Amino acid sequence: MPELPEVETVCRGLRPWLEGARLAEVMQRRADLRWPLPDGFAARLQGRRIERVERRAKYILCHLDNDEVLLAHLGMSGRMVVAADADAPLEPHDHIVLVTDAGAQVRFNDTRRFGMMDLVPESGLERHWLLKDLGPEPLGNAFNGPALAAKLAGRRTPIKAALLDQKTVAGLGNIYVCEALFFARLSPRRLAYTVQGRRAESLAHAVREVLTRAIAAGGSSLRDYRQSNGELGYFQHDWAVYDREGEACPGCDCEIAACGGIRRMVQSGRSTFYCPRRQR
DNA sequence: CTACCATCCTGGTTGC
DNA sequence: TGCAACCAGGATGGTA
């Protein structure tokens with residue numbers, strides 16, 4: 001699912017409804033998502049004020065007024081839906097419902113239930129087992145060519161797999177890895193340790209660029225994903241290679257009949273889309 | 001370290 | 001049309 005641009009869009013959509021609001025009521029409709037929810041989950045949220053909504057990688061962090069943080073991940077199919085009508089009946093897979101003192105409702109809906117929520121003390125946030133090994137934020141100051149090169153040094157795994165690894169850089173998923181490799185003109189098969197110097201510079205730049213453009217478009221909408229106001233993101237129309245097998249490469253001017261256009265292959269069990277002519 | 005696989009779930013699409 | 005197989009934006013954990 002949702003990768004960094006979609007999660008960023010969700011956070012931006014939630015802020016007007018949640019920041020500064022107090023949770024008047026929290027409905028927990030099942031005991032577990034991907035993992036069990038913590039003991040007393042709903043009761044511990046009830047009455048708390050949400051001070052800030054932040055994003056770290058693909059995680060949503062709601063900082064509460066008691067120095068705890070509501071940590072959430074959307075998994076593959078998770079959505080945060082702001083209910084226009086608070087009386088509207090709950091949908092299937094609406095697992096958690098937050099009701100604010102202003103009467104707004106945020107419903108966490110997750111069909112495949114690969115998402116998670118947890119309550120974490122602010123002081124131990126960085127040491128949380130899901131956060132402690134995350135690499136740098138790709139849009140932060142710590143992410144650049146040399147930093148990426150250092151992470152890739154010595155790694156004999158394909159660059160595609162290295163970028164999907166959240167320890168290398170945090171927040172990329174299958175779509176944006178394919179897109180970034182295309183713009184950096186690097187083959188997804190290239191071994192990670194060979195991406196150094198100018199290539200690492202170019203890749204770091206491509207990652208930043210594609211994420212920035214995707215956020216500006218409100219993310220990509222596949223089957224499940226919508227912005228929290230119900231609008232669709234539209235970056236899926238801007239994909240250069242993802243889900244475009246057989247189409248013409250937007251960077252080459254060759255005849256499709258001759259080159260076959262964009263290819264699809266499977267790497268570590270996931271689809272990779274690329275242009276074999278342009279990406280080396 | 002690395003690759004590979006299974007796993008958690010549901011639902012939409014494809015192919016026979 | 002029916003039904004089964006396959007596929008999907010994520011991420012962990014085990015094995016060899």
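All of these numbers come straight from a predicted model, not from anything done at the bench. Below, chain A is the first sequence line, B the second, and so on; all start at residue 1.
Across the protein-nucleic acid pair, A/Leu163 atom CG and C/dG10 atom C1' stand 16 Å apart, rounded to whole Å. Whole-Å rounding puts the A/Asp110 CG to C/dA8 C1' distance at 13 Å. Spacing between atom CG of A/Leu71 and atom C1' of C/dA11 amounts to 14 Å, rounded to whole angstrom units. What separates CH2 of A/Trp35 from C1' of B/dT7 is a distance of 12 Å, to the nearest Å. In this structure, the CE atom of A/Met116 is 11 Å from the P atom of C/dA11, given to the nearest Å. Atom pair A/Asp165:CG and B/dT2:P shows a separation of 9 Å (rounding to whole Å applied). Distance CD (A/Glu3) to C1' (C/dA8): 12 Å, rounded to an integer number of Å. Distance, A/Leu4 CG to C/dA11 P: 11 Å, rounded to whole Å.
At least one side-chain heavy atom of A/Arg199 sits under 4.5 Å from a side-chain heavy atom of A/Arg190.
Side-chain nitrogen and oxygen atoms of A/Arg112 include none within less than 4.0 Å of the OP1 or OP2 phosphate oxygen of B/dG12. A close approach under 4.0 Å does not occur between any side-chain nitrogen or oxygen of A/Gln166 and OP1 or OP2 of C/dG10. One finds a side-chain N or O of A/His73 lying less than 4.0 angstrom from the OP1 or OP2 phosphate oxygen of C/dA11. Checking the phosphate oxygens (OP1, OP2) of B/dG11, a side-chain nitrogen or oxygen of A/His93 falls inside 4.0 Å. Look at A/Lys167 and you won't find any side-chain N or O under 4.0 angstrom from OP1 or OP2 of C/dA11.
Residue A/Arg113 places no side-chain atom within donor-acceptor reach of the base of B/dC9, judged by atom type and a 3.5 Å distance cut-off alone. Applying the 3.5 Å distance criterion, the base of C/dA8 shares no donor-acceptor pair with the side chain of A/Arg270.
Counting only heavy atoms from C-beta on, A/Thr157 has its side chain closest to B/dA3 among B/dC9, C/dG10, B/dA3. The A/Trp129 side chain lies nearest to C/dT12 when the options are C/dT12, B/dT2, C/dA11. Picking from C/dT12, C/dA11, B/dT2 the nucleotide with the shortest atom distance to the side chain of A/Arg156 gives B/dT2. Closest to the side chain of A/Lys58, from the set B/dG11, C/dA11, C/dA8, is C/dA11. Distance from the side chain of A/Asn174 is smallest to C/dG10 among C/dG10, C/dA11, C/dA8.
Pair check for B/dA3 finds C/dT15; Watson-Crick or G-U wobble, both atom distances under 3.5 Å.
Within 6.0 Å of NE2 on A/His205 lie no more than 12 heavy atoms contributed by other residues, nucleotides or ligands. Within a 6.0 Å radius of CD in A/Glu19, more than 12 heavy atoms belonging to other residues, nucleotides or ligands are found.
Ring-to-base geometry places A/Phe114 in a stacked arrangement with B/dC8 (centre distance under 5.5 Å, plane angle under 30°).
C/dA5 sits 16 Å from B/dA6 when the P atoms are compared, rounded to a whole Å. Taking the P atom of each, B/dC1 and C/dG10 are spaced 24 Å apart, rounded to whole Å.
Contact annotation for A/Ser271: backbone-only contact, meaning every heavy-atom pair under 4.0 Å involves sugar-phosphate atoms and none involves a base. In this structure, A/Gly269 reaches neither bases nor backbone, as no heavy-atom distance under 4.0 Å exists between it and the strands shown. Contacts of A/Arg30 with the nucleic acid, taken as non-hydrogen atoms under 4.0 Å apart, are absent.
Where A/Pro92 and A/Arg34 each meet DNA chain B at their nearest nucleotide, the meeting point lying more 5' is that of A/Arg34.
Judged by distance alone, the side chain of A/Lys151 and the main-chain N or O of A/Lys167 form a donor-acceptor pair under 3.5 Å. Remark: the backbone N or O of A/Pro276 is not paired with any side-chain donor or acceptor of A/Gln279 at under 3.5 angstrom.
A cation-pi contact, defined as under 6.0 Å to the ring centre and within 45° of the axis, links A/Arg213 to A/Phe183.
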Pair A/Asn109, A/His95 - check side chain to side chain donor-acceptor pair (under 3.5 Å), show working.
CA-CA 6 Å; A/Asn109 181 290; A/His95 303 310; over 6 Å; no
